[in-house]
Amino acid sequence: MRNKLSYLGTLCTSFVLALSFPALAQDQALTQTLFTNVYIFDGVSEERMAGNVLVEGNLIRQVSSEAINAPGATVIDGGGRTLLPGFIEAHAHLMLMGPSLPAMEGNTTWEDFAIHGTQMAKMYLMQGFTTVRDAGGGNGGLRRAIDAGDIIGPRYYPSAAFIGTRGGHADFANYTAPVGQSTNFSRLNMAQEADSAADVQKFGRNNFRMGATQLKYMQSGGVVSAFDPWQLLAGSQAEIEAAVQVANEYGSYVMAHSYRKEAIMSALNAGVRSIEHGFSFDCDVAKLMKKKDAYITTNLTAFDPGLLDIPAVANVPASLAKAKSASATFAGYIDNMKKCPAKRAFQTDCVGSVTACNIQVAYEKHLNNEFFGPHTSLVTMTSVGGEIVALSGDFMNPYPDAKLGVIEEGAYADILIVDGNPFEDFSVVGTGDKWFGAEPRPESPETIRIIMKDGVIYKNTL
Ligand SMILES: [Zn+2]
């Protein structure tokens with residue numbers, strides 16, 4: 001009781017102290033950076049605007065086509081390059097290093113996961129991603145380390161444990177494991193198998209307790225995973241609704257791994273706001289998405305003809321058969337997305353080594369431009385991602401004070417400067433035109449000259 005009281009006393013004192021300092025003290029502490037002579041892509045517009053951007057503290061203070069007067073600011077002359085919002089990855093798995101689910105379940109300790117996550121976080125930031133949403137496996141610890149400045153990485157929105165049905169896409173148990181036996185993944189709260197709506201509620205609430213900003217529900221199977229057909233319709237409507245209900249208790253939302261059209265439609269009808277993969281996307285889906293104000297993120301590598309040749313698919317007959325049937329069903333995605341555009345964010349979904357994921361991220365950027373052109377790709381990588389992460393709401397969003405993914409007054413100062421004009425040469429954003437068999441990539445693309453996150457510069461080669 002004594003301890004509790006004195007703790008309260010300390011809290012009250014510091015609260016009063018904070019209040020009694022004049023606003024002036026805060027102003028003096030804010031450093032200013034002025035970017036001049038740049039062409040600004042604001043995250044939305046079809047055209048770049050010639051102008052200048054003033055950053056104060058961790059926010060964008062002013063954006064103008066006129067000169068900005070800021071005598072105390074550090075000036076960075078952009079030399080006619082392009083200034084744009086830091087990229088947003090809407091579906092990554094920073095903790096999952098591969099090479100297979102059984103390997104991660106059987107031979108990986110928490111140290112392996114933590115070290116991999118640390119390196120992945122740095123890789124993403126240095127590829128220009130100032131925000132990453134994690135679609136399963138990562139809890140709140142990585143974010144705490146990044147935000148405390150202990151390690152280098154992007155803003156981080158983890159989903160904690162994937163929640164899925166037994167035998168589904170989030171079941172990491174060995175083939176011979178008795179039903180109900182805990183797994184390495186469940187002990188570390190990286191994946192949980194639910195058998196009922198009550199289980200979904202239990203694991204969902206536990207995820208928020210462990211630092212999740214939203215929930216991830218596994219509604220479909222996968223192509224490379226072992227037990228589950230990709231066509232799986234996992235989970236009853238009551239279970240999906242239970243996930244949505246728990247997320248809503250926290251003012252947040254559910255992202256659902258959904259392949260088949262039936263899965264996508266039932267997820268949307270249950271209140272899921274973010275459809276992951278969504279390969280069977282068509283104009284009916286687009287219509288319901290619009291009505292429900294929902295988003296989609298899709299790994300475009302799934303449409304790469306080389307997919308059938310990768311060893312994890314080509315050497316495993318069951319996976320090869322699954323990949324072929326999936327490719328046939330998913331063939332309409334690109335055309336449907338052009339015909340009935342939906343709010344789509346960037347997704348890489350790499351599970352593998354840091355070197356392999358660096359290559360895959362660069363290739364995913366390249367495919368976006370190949371399929372959808374530079375403007376749509378840039379919007380996908382910036383402002384739409386910013387809208388998605390904001391769905392985590394006022395209580396669970398770790399960065400609730402400003403917008404992400406846009407260059408506008410009052411937004412967070414997450415800023416890149418790249419060489420040239422990405423509308424004419426998209427490769428300046430750090431693309432790679434090869435996936436399997438590609439050479440390892442540099443730690444950061446040469447053409448990305450400035451990387452600023454939260455007003456702090458992590459790279460400057462100007
Ligand atoms: Zn994923």
Side-chain angles (χ1 to χ4, degrees), residues 88-101 104-105 113 116-117 120-121 124 129 131-139 142 156-165 168-172 185 189-193 207 212-228 230 232 234-235 243 253-260 263-264 267 272-281 295-304 307 310 312-313 319 322-323 326 330 333 344-354 356-357 360-361 363-364 367 385 388-389 435:
I88 297 176
E89 165 68 83
H91 186 127
H93 299 283
L94 297 196
M95 289 293 176
L96 308 185
M97 75 281 279
S100 65
L101 304 194
M104 289 188 286
E105 169 60 25
F113 291 122
H116 179 72
M120 285 287 281
Y124 260 107
F129 289 84
T131 297
V132 168
R133 183 177 67 158
D134 195 306
N139 288 273
L142 190 62
Y156 187 54
Y157 288 85
S159 305
F162 307 93
I163 302 173
T165 51
H169 199 48
D171 188 344
F172 283 75
F185 266 68
N189 201 49
M190 296 177 71
Q192 301 290 2
E193 289 81 61
N207 276 345
T213 51
Q214 66 285 323
L215 299 181
K216 168 75 178 296
Y217 189 80
M218 291 295 205
Q219 220 195 348
S220 295
V223 169
V224 183
S225 48
F227 328 101
D228 47 332
W230 66 262
L232 182 70
Y253 71 102
V254 174
M255 51 195 292
H257 168 104
S258 316
Y259 282 16
R260 259 167 77 181
I264 300 172
V272 167
R273 298 291 298 281
S274 183
I275 298 295
E276 304 306 302
H277 313 296
F279 296 130
S280 306
F281 176 87
Y295 295 78
I296 187 168
T297 85
T298 306
N299 44 326
L300 302 180
T301 46
F303 309 118
D304 188 274
L307 190 69
I310 68 171
V313 174
S319 289
K322 285 208 278 184
F330 305 164
Y333 178 96
R344 184 178 63 87
F346 185 86
Q347 141 158 198
T348 305
D349 197 29
C350 185
V351 172
S353 71
V354 179
C357 289
Q360 193 170 328
V361 168
Y363 190 62
E364 186 68 37
L367 286 182
I388 285 198
V389 293
W435 187 14

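Predicted, not measured: the structure shown is a model, and the values here were computed from it. Ligands are counted one by one from 1 in listed order, and the atoms in each one are counted from 1 as well. Keep in mind that the numbers below use all heavy atoms, side chains included, and drop hydrogens, waters and symmetry copies.
- Ring geometry, H277 versus H257: the interplanar angle exceeds 60°, so the pair is classed perpendicular (tilted spans 30 to 60°).
- Around the Zn ion (ligand 1), the protein contributes the following N, O or S atoms at distances under 2.8 Å: H91 NE2, H93 NE2, D349 OD1.
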*Full working for ring pair (Phe, Tyr, Trp, His ring centres under 6.0 Å) between H93 and F162*: CA-CA 11 Å; H93 299 283; F162 307 93; 5.4 Å; yes
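- Ring geometry for F279 against Y333 counts as perpendicular: the plane angle is over 60°, on a 0 to 90° scale with 30° as the lower cut.
- Between Y156 and Y124, the gap from one ring centroid to the other reaches at least 6.0 Å.
- Checked against Y157 for a side-chain contact (heavy atoms from CB on, under 4.5 Å), the options T131, V132, D134, I88 give a single hit: T131.
- When all heavy atoms of V254 and V272 are compared, the pair lying nearest together is O-CG1, 3.3 Å.
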